[in-house]
Protein chains: 4
Amino acid sequence: MTADVEVRLRADARRNRDQIIAAAKVMFTEDGPEVPMEEIARRAGVGVGTLYRRFPDREALIRAVAQSNFADVLADAKAAETEEPTAWDAFVRLVGRSLALRLTLQFPLWSLGMWEAMRDDLEITRFRDEILAILDRIVVSAQQEGALRPDVGSGDVAVLVSLLLRRMPVPTDRVAMMTDRILALLFDGLRAQPGGLPGQPITPSDLGKD
Amino acid sequence: MTADVEVRLRADARRNRDQIIAAAKVMFTEDGPEVPMEEIARRAGVGVGTLYRRFPDREALIRAVAQSNFADVLADAKAAETEEPTAWDAFVRLVGRSLALRLTLQFPLWSLGMWEAMRDDLEITRFRDEILAILDRIVVSAQQEGALRPDVGSGDVAVLVSLLLRRMPVPTDRVAMMTDRILALLFDGLRAQPGGLPGQPITPSDLGKD
Amino acid sequence: MTADVEVRLRADARRNRDQIIAAAKVMFTEDGPEVPMEEIARRAGVGVGTLYRRFPDREALIRAVAQSNFADVLADAKAAETEEPTAWDAFVRLVGRSLALRLTLQFPLWSLGMWEAMRDDLEITRFRDEILAILDRIVVSAQQEGALRPDVGSGDVAVLVSLLLRRMPVPTDRVAMMTDRILALLFDGLRAQPGGLPGQPITPSDLGKD
Amino acid sequence: MTADVEVRLRADARRNRDQIIAAAKVMFTEDGPEVPMEEIARRAGVGVGTLYRRFPDREALIRAVAQSNFADVLADAKAAETEEPTAWDAFVRLVGRSLALRLTLQFPLWSLGMWEAMRDDLEITRFRDEILAILDRIVVSAQQEGALRPDVGSGDVAVLVSLLLRRMPVPTDRVAMMTDRILALLFDGLRAQPGGLPGQPITPSDLGKD
DNA sequence: TATGAATGAGCGTTCATTCAT
DNA sequence: CATGAATGAACGCTCATTCAT
């Protein structure tokens with residue numbers, strides 16, 4: 001019974017927490033990392049105080065949102081790896097179709113401070129490492145399949161995608177088509193076999209040392 | 001004499017204006033679009049009052065900086081078109097080597113409001129149209145040369161580049177190499193002849209309607 | 001059975017109340033009258049809600065703490081009066097050695113509002129009157145003994161002590177010695193017989209009219 | 001002419017600064033160190049922004065007020081030393097009659113943090129050292145005159161006074177008389193020759209090491 | 001006209017108090 | 001009756017913009 005009460009309480013708190021993160025995810029994505037905390041609270045249907053009870057400051061909230069995003073990406077990556085017939089298919093699905101990936105990647109680009117905050121977050125680091133490990137497996141397999149050019153590393157892919165998948169400030173109805181074309185161009189570039197790329201393939205550990 | 005005085009004043013004012021824009025260009029690039037106006041003024045060596053005399057508000061200043069950037073890009077584009085032996089070379093130079101282009105492109109991505117402000121600025125629109133016209137000529141020529149795949153439009157290129165050329169939040173010594181590799185991948189994709197891209201080539205007028 | 005339960009509850013409640021007051025006493029003394037209520041509750045090992053159930057607001061809690069302090073002082077005063085051989089000894093013990101007195105006296109000095117709150121508290125007033133009555137008896141006796149100068153009233157002593165016995169913001173190891181010296185100076189002043197003090201001796205009833 | 005303009009500007013700013021400090025002095029004294037900054041600004045007749053332009057944060061303002069207070073005390077101390085016929089007279093005047101001293105002394109008692117902030121302020125330290133040096137001279141002279149007991153140091157006096165001269169939370173009309181009586185008691189204690197005080201005389205350098 | 005002082009709205013954050021569980 | 005989650009008012013501080021000099 002006591003347990004029951006506590007579970008109920010937790011359920012409530014949990015729901016609030018989730019609502020806050022959901023609201024923050026939307027508002028950060030729409031309005032950038034400086035949206036007034038009060039707006040986030042309003043959108044989540046709670047008071048500011050509640051928001052601050054769960055997340056002591058803005059950075060904590062951002063980290064929580066990032067964790068949530070990374071968790072989604074990890075799920076996507078796992079699904080892509082296990083469900084697709086070829087590594088290239090998995091690659092295309094993960095890079096080209098993961099909405100979670102898109103949302104996640106525009107996050108750390110906000111500012112250097114944010115980048116660092118996220119790098120120091122253990123949870124996020126863990127997610128990131130897992131994701132990169134999966135991506136690395138996919139890249140290597142796709143190269144063994146002969147579908148992906150051999151002179152790229154999974155780090156190249158990560159950088160490329162992180163640069164590419166950001167919100168375009170154009171009317172939304174056009175974004176979809178544009179994005180598809182850009183991705184197609186990108187895949188063509190990644191498939192091409194010819195001459196070498198400059199420098200060395202970028203690996204996950206290159207990124208890790210940032 | 002009066003004229004003389006006025007001319008002098010104008011020279012002074014001109015210098016102030018230029019210093020302010022130069023300072024703003026640096027600080028916007030380094031610290032984003034929300035740097036305190038007073039910092040910009042300090043860096044320009046003038047008082048805030050002077051800044052506000054020249055640019056009634058932040059948006060006006062941003063527009064002025066953008067104009068200046070676009071003018072630089074236009075100069076780059078003209079030089080590329082006239083000085084390079086082939087259209088493909090001009091294309092690579094403009095897209096891959098124009099620092100002005102890079103700086104310019106990270107600008108309108110700051111926010112939707114900024115994008116709109118710039119679209120409504122007559123001067124900027126003029127620059128932009130000229131730039132896109134040149135880019136379009138280069139693209140068409142490069143396609144006639146057989147160097148550039150025929151199923152892309154100059155709008156594709158503009159979008160691709162605008163997404164690609166942004167500051168990466170990684171240590172600077174690594175950025176150069178990463179950028180080179182990404183650009184090489186991109187050019188390979190653009191060179192590839194194979195199957196079609198989805199949708200229709202994006203043209204300058206597509207972008208104009210945003 | 002119901003009675004039993006209620007008695008049990010009362011015992012519980014009583015214990016909670018005591019813990020809260022004990023915690024508050026410590027924290028008010030250490031951190032001043034504005035310590036967050038939640039900290040007090042945490043230290044007392046109860047939830048804020050419980051604290052507020054017992055004490056409707058901060059002032060109520062402060063009054064309760066003050067009552068407790070005054071009760072301790074009264075006990076000290078009674079003990080001093082009955083246990084010491086001479087009135088002067090009782091006087092020195094009460095004024096110079098009563099820790100309860102010291103703690104109590106830094107209390108009402110916090111603010112005028114607090115002072116008034118305490119003056120309007122019937123319980124506190126009763127304690128205070130009893131304490132002052134004892135002090136007055138001691139003062140008169142000590143004067144009859146010839147030990148204490150005749151031109152002071154117990155009110156003088158009360159005022160003097162209330163000003164004197166406050167925490168000094170210096171490293172604690174030095175405080176003890178300083179306090180001893182100050183008290184010795186004070187007692188010398190009180191013992192001295194010479195010329196008159198200005199004004200009239202301050203009596204308990206003078207204080208009562210504040 | 002330019003100079004003239006600048007002087008005018010400075011005069012304005014100076015006046016604002018002075019008004020802010022004056023207001024802060026009053027409000028800190030009346031309401032403690034946590035009065036809302038906005039109240040201080042209102043009382044000074046300026047906006048919050050102006051206040052923050054001059055004093056980057058609350059601590060800076062407090063330090064400025066303290067400096068001003070200490071400067072006043074120093075002036076009082078100098079006047080007492082030069083104008084009074086005997087060292088004992090100077091002593092009584094400084095300790096017993098300096099309003100500036102009274103106001104100053106309730107300052108550092110607010111909190112440990114404040115005490116430290118003031119100790120790290122070079123300006124304040126300088127004033128303090130000068131004041132203590134004068135007090136020390138006065139104490140020594142008064143002892144040579146035979147008026148002041150020889151077993152106290154100027155540090156004893158400083159501590160005693162700092163404890164003694166604080167606002168009493170009683171109706172103002174009674175404060176004056178009470179204070180006079182307390183001071184008279186104190187002076188009697190200081191004059192008395194009998195037995196020794198415990199510990200060693202407290203010197204300015206003892207205080208300096210706090 | 002250039003300056004920088006003044007203003008005040010706005011956001012982050014804390015905490016007293018209330019109330020659902 | 002205990003708990004601790006939720007609320008929102010209040011205050012610190014920043015900065016865009018205005019305006020006196």
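So you know, we letter chains A, B, ... as the sequences are listed, proteins then strands, and number each from 1. Values in this document were obtained by computation on a predicted structure and should not be read as measured data.
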Subject >> Rounded distance (Å) that lies between atom P of E:dA20 and atom CZ of A:Arg15 >> reply: 15 Å
Original post:
C:Glu38 or B:Asp57: which one's nearest nucleotide on DNA chain F is closer to the 5' end?
Top reply: C:Glu38
Subject >> Gap between atoms CG and P, on B:Leu61 and F:dA16 respectively (whole Å) >> reply: 11 Å
**OP:** Would you mind telling me which of E:dT17, F:dC13, F:dC11 lies closest to the side-chain atoms of D:Pro36?
**Re:** F:dC11
**OP:** Please determine if a side-chain N or O atom of C:Asn16 lies less than 4.0 Å away from the OP1 or OP2 oxygen of F:dA2.
**Re:** yes
Subject >> Pairing residues for A:Tyr52 by the side-chain contact (heavy atoms from CB on, under 4.5 Å) criterion, not counting sequence neighbours >> reply: A:Met37, A:Val48
Original post:
Given atom CZ of B:Arg42 and atom C1' of E:dA2, what is their separation to the nearest angstrom?
Top reply: 17 Å
Subject >> Under the side chain to side chain donor-acceptor pair (under 3.5 Å) test, residues paired with A:Glu34 that sit two or more places apart >> reply: none
Subject >> DNA chain E contacts among residues 43-52 of chain B, heavy-atom distance under 4.0 Å >> reply: B:Val46, B:Gly47, B:Val48, B:Gly49, B:Thr50
**OP:** Please list, chain by chain and in numerical order, all residues satisfying salt bridge (charged side-chain N to carboxylate O under 4.0 Å, His left out) with D:Glu38, sequence neighbours excluded.
**Re:** none
**OP:** Would you kindly give the CZ-to-C1' distance between D:Arg17 and E:dA6, to the nearest whole Å?
**Re:** 16 Å
Original post:
Can you tell me how far CG of B:Asp120 sits from CZ of B:Arg63, rounded to the nearest 0.5 angstrom?
Top reply: 8.5 Å
Original post:
For D:Asp31 and F:dC11, what is the distance between atoms CG and C1' respectively, to the nearest whole Å?
Top reply: 15 Å
Original post:
B:Ile40 has an atom CD1; how far is it from atom C1' of E:dG4, in whole Å?
Top reply: 17 Å
Original post:
Any stems for DNA chain E, made of 3 or more Watson-Crick or G-U pairs in a row, each with both distances under 3.5 Å?
Top reply: E:2-21 with F:2-21
**OP:** Whole angstrom is fine here: how far is it from CZ in B:Phe55 over to P in F:dT17?
**Re:** 14 Å
**OP:** Whole angstrom is fine here: how far is it from CD in B:Glu39 over to P in F:dA16?
**Re:** 9 Å
Original post:
Quick one: side chain to side chain donor-acceptor pair (under 3.5 Å) partners of A:Arg54, sequence neighbours excluded?
Top reply: none
Original post:
Can you tell me how far OG1 of A:Thr50 sits from CZ of A:Arg17, rounded to the nearest 0.5 angstrom?
Top reply: 13.5 Å
Subject >> With C:Arg53 via salt bridge (charged side-chain N to carboxylate O under 4.0 Å, His left out) - residues at least two apart >> reply: none
**OP:** Name all residues meeting the side chain to side chain donor-acceptor pair (under 3.5 Å) criterion together with A:Ser68; count only those two or more places apart in sequence or in a different chain, and write none if there are none.
**Re:** A:Lys25
Original post:
Under 4.0 Å: is that the gap between some side-chain N or O of D:Arg54 and OP1 or OP2 of E:dA6?
Top reply: yes
Original post:
Distance check: side-chain N/O of A:Arg53 vs OP1/OP2 of F:dG4, anything under 4.0 Å?
Top reply: no
Original post:
Among all residues two or more places apart in sequence or in another chain, which pass the side chain to side chain donor-acceptor pair (under 3.5 Å) test with D:Arg58?
Top reply: none
